[in-house]
Amino acid sequence: MKDIFGKDLHDLLNKKLFLFDMDGTIYEDSHVYQGTLELLDYIDTRGGKYMFITNNSSSSVKDYIGKLEQLGISTDDGHFLTASQATILYLQQNYPNKKVYALGTQSFLGELQRSGIMLTSHDQAELLLVGFDKELTYEKWANACQLLFTKKVPFIATNPDLSCPTSFGFIPDCGSICQILENITNQKATYIGKPKDTMVKLALQNSGFTAEDTLVIGDRLYTDIACGNNAGVSTLCVLTGEANIASIQESDIKPTYTLTSVLELYKTLKEEP
């Protein structure tokens, strides 16, 4: 068993904790990739565990549970670790009781409020938080600029992803929103989600598995694969999203393994003697 670059795949048979990216890895929009359902079921049957670690902060965990159920994937809160959750933990630990002006969807804002984050208007805020805001308006951008120029508050962002895959290509993600703010205000965002290793570390802590048991699967080198590498676990890059063979060859960020899709991962695991 070999991957695209000729790497032996037998060590994959020892993995028990599978940490999946979502967009571009197991689905695209409302289309679940071939092999996803079979792979998740197989992980369960062999006594493993799968979890989803996503940088997409436009949806809450509750929303994700509903979306995956529509795709035929049964999940609960314990299957998810998101950039939103990692950001909430970061704010609670580093900026407790700070008033926050947030750029994000209503789903994201609701998740913040339920976790005790104090949201306020830009003129009252002590911190700027930017998520993957699919409901972004020019007014929000202007308010964020005013806040950064007049108060120079901490500038926190859920994730550095520049784009999110869709059926027609890509749309701007949190990183692109932040780049505009950075270019205008000359203030740099502090990014919380992948490639930081927070979500992987939490997954290990919550599951009881070891780093040697763990595999991170994703489609993006500078977030998914870098996150797994930073956490000291094995990584697998699939080619259904952003990454391709040329980008992997050219990048300094290298996955442990490379396969065309999660279907190929399923076929590899099924070859177990």
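Computed from a prediction, not measured in an experiment: that's the story for all the values here. Along the sequence shown, the residues carry numbers beginning at 1.
- With salt bridges taken as basic N to acidic carboxylate O contacts below 4.0 Å, none links Lys194 and Asp161.
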Practice task
Please test Leu119 against Tyr101 for side chain to side chain contact (heavy atoms under 4.5 Å, CB included), starting from the C-alpha separation and ending with a verdict.
Solution key: CA-CA 6 Å; Leu119 300 183; Tyr101 180 66; over 6 Å; no
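- More than 12 heavy atoms of other residues, nucleotides or ligands lie within 6.0 Å of NZ in Lys151, so this atom counts as buried by the packing criterion.
- Of the possible donor and acceptor atoms, one in the side chain of Lys15 sits under 3.5 Å from a partner among the backbone N and O of Glu212.
- Atom OH of Tyr90 is separated from atom OG1 of Thr190 by 5.0 Å, given to the nearest 0.5 angstrom.
- Ion pairing between a basic and an acidic side chain is recognised when a charged N comes within 4.0 Å of a carboxylate O; Glu264 and Lys267 show such pairing.
- Asp3 contributes a side-chain N or O that, together with a main-chain N or O of Gly6, makes up a donor-acceptor pair within less than 3.5 Å.
- Residues Val153 and Leu128 approach most closely at CG2-N, 3.7 Å, considering heavy atoms.
- Side-chain atoms of Lys49 do not come within 3.5 Å of backbone N or O of His79 as any donor-acceptor pair.
- The main-chain N or O of Leu37 is never found under 3.5 Å from a side-chain atom of Asp41 such that the two would form a donor-acceptor pair.
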Exercise for the section: List the steps, then state whether side chain to side chain contact (heavy atoms under 4.5 Å, CB included) holds for Tyr266 with Ser261. Expected result: CA-CA 9 Å; Tyr266 171 62; Ser261 66; over 6 Å; no
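- When all heavy atoms of Tyr50 and Leu40 are compared, the closest pair comes out as CE2-O, 3.5 Å.
- A donor-acceptor pair under 3.5 Å links the side-chain atoms of Ser107 to the main chain of Ser60, judged by distance alone.
- The closest side-chain heavy-atom distance from Ser74 to Glu69 is not below 4.5 Å.
- Looking at Lys99 and Glu126, no side-chain N of the basic residue comes within less than 4.0 Å of a carboxylate O on the acidic one, giving no salt bridge.
- Between the side chain of Asp213 and the backbone N or O of Thr210 there is at least one donor-acceptor pair closer than 3.5 Å.
- Within 6.0 Å of the CG atom in Asn186, the count of heavy atoms belonging to other residues, nucleotides or ligands does not exceed 12.
- Residue Gln34 qualifies as open at atom CD: its count of foreign heavy atoms under 6.0 Å is 12 or below.
- For the pair Asn55/Pro160, a side-chain contact is recorded, criterion being any heavy-atom separation below 4.5 Å from C-beta on.
- Listed for the Lys270 side chain is no donor-acceptor partner under 3.5 Å among the backbone atoms of Leu39.
- Looking at Ile217 and Asp21, their side chains never come closer than 4.5 Å, going by heavy atoms from C-beta outward.
- Heavy-atom minimum distance, Asp173 versus Cys164: OD2-CB, 3.7 Å.
- Stacking of Lys254 on the aromatic ring of Phe5 is not recorded, the 6.0 Å distance cut-off and the 45° axial limit not both being met.
- Note: Phe52 and Phe80 meet the aromatic proximity criterion, with ring centroids under 6.0 Å apart.
- Cation-pi geometry between Lys134 and Phe108 is not met at under 6.0 angstrom from the ring centre and within 45 degrees of the axis.
- With contacts defined as side-chain heavy-atom distances shorter than 4.5 Å, the pair Ile248/Cys237 qualifies.
- By the neighbour-count criterion of 12 heavy atoms within 6.0 Å, atom CG of Asp252 is sparsely surrounded, having that number or fewer from other residues, nucleotides or ligands.
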Handout entry: side chain to side chain contact (heavy atoms under 4.5 Å, CB included) evaluation trace for Val216 with Phe20
Key = CA-CA 6 Å; Val216 169; Phe20 291 90; over 6 Å; no
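- Annotation for Met118 and Asn97: closest pair CE-O, 2.7 Å, computed over non-hydrogen atoms.
- Pairing each heavy atom of Thr268 with each of Leu13, the nearest pair is O-CD2, 3.9 Å.
- Ring planes of Tyr33 and His31: perpendicular class, angle over 60° (limits at 30 and 60°).
- Here the side chains of Ile73 and Thr36 are in contact, with some heavy-atom distance below 4.5 Å.
- Formation of a donor-acceptor pair under 3.5 Å by the Ser115 side chain with backbone atoms of Ile117 is not found in this model.
- A 4.5 Å side-chain heavy-atom check between Ser58 and Asp133 finds every atom pair outside the cut-off.
- For the pair Arg46 and Phe18, the tightest heavy-atom approach, listed with the atom from each and the gap, is NH1-CZ, 3.7 Å.
- Side-chain contact between Asn244 and Ser247 is present, with at least one heavy-atom pair separated by less than 4.5 Å.
- Within 6.0 Å of CZ in Phe168 there are more than 12 heavy atoms belonging to other residues, nucleotides or ligands.
- Looking only at side-chain heavy atoms (C-beta outward), Asp224 and Ile53 stay at 4.5 Å or farther from each other.
- Between Asn56 and the options Thr158, Thr82, Asp23, Asn159, a side chain to side chain donor-acceptor pair (under 3.5 Å) holds for only Asp23.
- Taking the ring centre of Tyr257 as origin, the terminal cationic atom of Lys7 falls inside the region bounded by 6.0 Å and 45° from the ring axis.
- Side-chain atoms of Thr240 come within 3.5 Å of backbone N or O of Gly24 as a donor-acceptor pair.
- Note: the hydrophobic cluster containing Leu239 does not contain Leu259 (ILVMFWY, side chain heavy atoms under 4.5 Å, direct or indirect links).
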